[in-house]
2 protein chains.
Amino acid sequence: MVGIDEVARLAGVSTATVSRALSGSAHVSPATRVKVEAAAGELGYVVSSTASSLASGRMKNIGVVVPFLNRWFFSSVVEGAQQTLLRNGYDLTLYNLTGGGEERRSVFEHFLLRQRVDAVIAISLELTEDEVARLHALGKPLVGVGGPIPGVRTLTIDDVAVARLATEHLLALGHSRIAHIGGNKAFDLDFHLPTNRRIGYEYALTEAGIDPSPELFQPADFTMAGGYQAAKQLLGRAHNRPTAIFAASDEMAIGCILAARDLGMVVPRDVSVIGIDDHELAEFFGLSTIAQFPKGQGEAAVEILLDQLHPGQHDQAGLNTPMPFELIVRSSTARPQ
Amino acid sequence: MVGIDEVARLAGVSTATVSRALSGSAHVSPATRVKVEAAAGELGYVVSSTASSLASGRMKNIGVVVPFLNRWFFSSVVEGAQQTLLRNGYDLTLYNLTGGGEERRSVFEHFLLRQRVDAVIAISLELTEDEVARLHALGKPLVGVGGPIPGVRTLTIDDVAVARLATEHLLALGHSRIAHIGGNKAFDLDFHLPTNRRIGYEYALTEAGIDPSPELFQPADFTMAGGYQAAKQLLGRAHNRPTAIFAASDEMAIGCILAARDLGMVVPRDVSVIGIDDHELAEFFGLSTIAQFPKGQGEAAVEILLDQLHPGQHDQAGLNTPMPFELIVRSSTARPQ
DNA sequence: GTGAAAGCGCTAACAC
DNA sequence: GTGTTAGCGCTTTCAC
């Protein structure tokens, strides 16, 4: 491992100057900077991140805490965050809290607090007040993605508005018996997301002069299989069958499409289906949906954090804008017969 | 931030003893250890990982390099690796090489070599000899998952054997016109995986006295949509239609099932379908498949690495066993009519 | 703009 | 089994 002093010697300057030249920040004459960079390149010098961190207090590393990794939303957010971090010279340390409470405590105690990260992004994770307080006490910026954390800046789409938009699409097509597949109570890893989407749905109905009927609501678990089951319940009944289904996620919506097919129905002729997400499979299934852009959410989270770590160095554009969403009409929605 | 000397003072011992007691390794009298642990707990002391790393040369962190994150295989391997690392007090730093070659070089130059990780796991990534050499020069253990890297220990299922097993299942049911959907040339992020699976398929056929026919092979891109397209080509023909399809991945196999349905065929009555993976959606679609266990592969990779980092501390059980796989018969395969 | 030197907070020899 | 002490390799005041 070649160290900073070798570079200094070769460049004919002091180690302090090497440090300044390479970190780019301070005032170094262009000539010196070139010399130093040449020397560093020649020797294949790379800073020791530990030494650098110990001396400066900066880790150039941010922690990302997720409840799952193998779901489209989470891995997409992580991907967006990772890319943006990389471009800014930061590493991403991943904490997957799939396990139970003990694992979670352990992550907090032994990892996050170990001075390993400069900041943390919590994805769809409701941190306790204590956890938030400890992070703040350490001066670590924190941002949430996918649900509000009390007292913490969080990036989410407006679930009520999104659900309303989806429902209104169906209403505009002429549907009036619109069912909704939402979350079940067990599904509470996140923040009232199912509830908010249901509220938006009911809001849109009410505004259109339609009374939301409890029998048109089915809970499910946000999986394709769950959506399939729920849709069969909805579409199998003899009376009052819905002409359209609004599922709270694309995976459930795809389950609905498959359920309809298995019942011999044709989508969208016999039933329209719309979801939320714009999941990678949505296009294949011709699913109309409200797109959210998780990669963009990951990027935005990083930008906020970097801005807090280096005030004024990043353009604040969009730091306080709500996350965008967008209706995408494909072939799973149409006018009722 | 409370430091080690405060703990030392409170416990009435030296900092060296605190370090020893807390790291567990060295010989410390039980009584002292208890005192130290109490003091540390009382003060809420957590080691500064940077200081510890700088002094010891250990990072307690391993780098995981993936080409994608939002695919079932990769996120599952990462999940398995993460869990095992966490249990052993290690962090996982993720490098997602989704971007192009420049990004990749940057990861190598500025991140992996920065002394940030003790070892690296490369998932389905063919490292160049130069990359491998540099890692070795730094003394960083490296293990691959999902494909052979020259001169590096790699964990994979035996793709030839897996494909053979799948094909033999179909043969045993009485099929003889068995099509195969494999990878297209563009799909080379990995190591001849499509080729090996095709070899296994052809081997099984040949062994059963059947000549592999080129017209029963269709390339695709390992996605559901790709499998769907390929299956339509296979099943739409007027003559010589296959009675069974062996797809090189579950996602493609699911595409086959959907294609068959859209053509008015019933699976498995009109066509049998088998995949490889045991993807999370396989059960929902009743897909017969050869399961591989990516989480287990991630765990195994970590165990090998930890064993190299701390020789003799881990049981070597299974370090050199090939990765397991297993035929899972569901409802997508049956005897031909 | 550049250099000298004092740490950053721990670990690991080495001595006892 | 425990204490003393010399670094680990940088960054950052503080001078100049």
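Quick caveat, the model's predicted, so the values are computed rather than measured. Residue numbers start from 1 in every chain, and the chains themselves are labelled A, B, ... in the order their sequence lines are given, proteins ahead of strands.
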Do we see a donor-acceptor contact under 3.5 Å between the side chains of B:T50 and B:S53? no
Residue-phosphate contact under 4.0 Å: A:T32 side-chain N/O, C:dT2 OP1/OP2: yes
To the nearest Å, give me how far apart CE (B:M1) and C1' (C:dC8) are. 13 Å
Value in whole Å for how far the P atom of D:dC8 lies from CG of A:L54: 13 Å
Tell me the interatomic distance from B:K60, atom NZ, to C:dG9, atom P, rounded to whole angstroms. 21 Å
Any side-chain N or O of B:S23 under 4.0 Å from OP1/OP2 of C:dT11? no
Reckon A:R58 has a side-chain N or O less than 4.0 Å from the OP1 or OP2 of D:dT12? yes
Between the side chains of A:K295 and A:Q82, does any donor sit under 3.5 Å from an acceptor? no
Please state how far atom CD in B:E6 lies from atom C1' in C:dC10, giving the value in whole angstrom units. 14 Å
Indicate yes or no for a side-chain donor-acceptor contact from A:N61 to the backbone of A:R116 under 3.5 Å, with no hydrogens or angles considered. yes
Looking at the side chain of B:H27, which of D:dG9, D:dG1, C:dA5 is the nearest nucleotide? D:dG1
Indicate whether OP1 or OP2 belonging to D:dT11 is found under 4.0 Å from a side-chain N or O atom of A:S56. no
Nearest to the side chain of B:V28, which nucleotide is it out of D:dG3, D:dT2, C:dA12? D:dT2
Inter-residue atom distance A:I121.CD1 - A:I304.CD1, 0.5 Å rounding: 9.0 Å
Under 3.5 Å, is there a donor-acceptor pair linking the side chains of A:K140 and A:Q308? no
Let's see if you can work this out: which of D:dT11, D:dG1, D:dG3 has an atom nearest to the side-chain heavy atoms of A:I4? D:dT11
If you check the A:R20 side chain, which of C:dT2, D:dT2, D:dT11 turns out closest? C:dT2
B:S14 side-chain N/O to D:dT2 phosphate OP1/OP2 under 4.0 Å: no
Heavy-atom donor-acceptor pair, B:D118 side chain to B:I62 backbone, under 3.5 Å: no
Which nucleotide, C:dT2, C:dC8, D:dG7, lies nearest any side-chain atom of A:T17? C:dT2
To the closest 0.5 Å, what do you measure between CG (B:L94) and CZ (B:F74)? 12.0 Å
What residues from residues 33-50 of chain B pass a heavy-atom cutoff of under 4.0 Å to DNA chain C? B:Y45, B:S48
Under 4.0 angstrom, heavy atoms only, what part of the nucleic acid is B:S53 near: base, sugar-phosphate, or nothing? nothing
Here the distance between atom P of D:dG7 and atom CG of A:D5, to the nearest Å, is 14 Å
Taken to the nearest 0.5 Å, the spacing of A:I123 CD1 from A:Q297 CD works out to 9.5 Å
Does D:dT11 have its OP1 or OP2 closer than 4.0 Å to a side-chain nitrogen or oxygen of A:S52? yes
Report the distance from atom CD of A:Q115 to atom C1' of C:dC10, rounded to the nearest whole Å. 13 Å
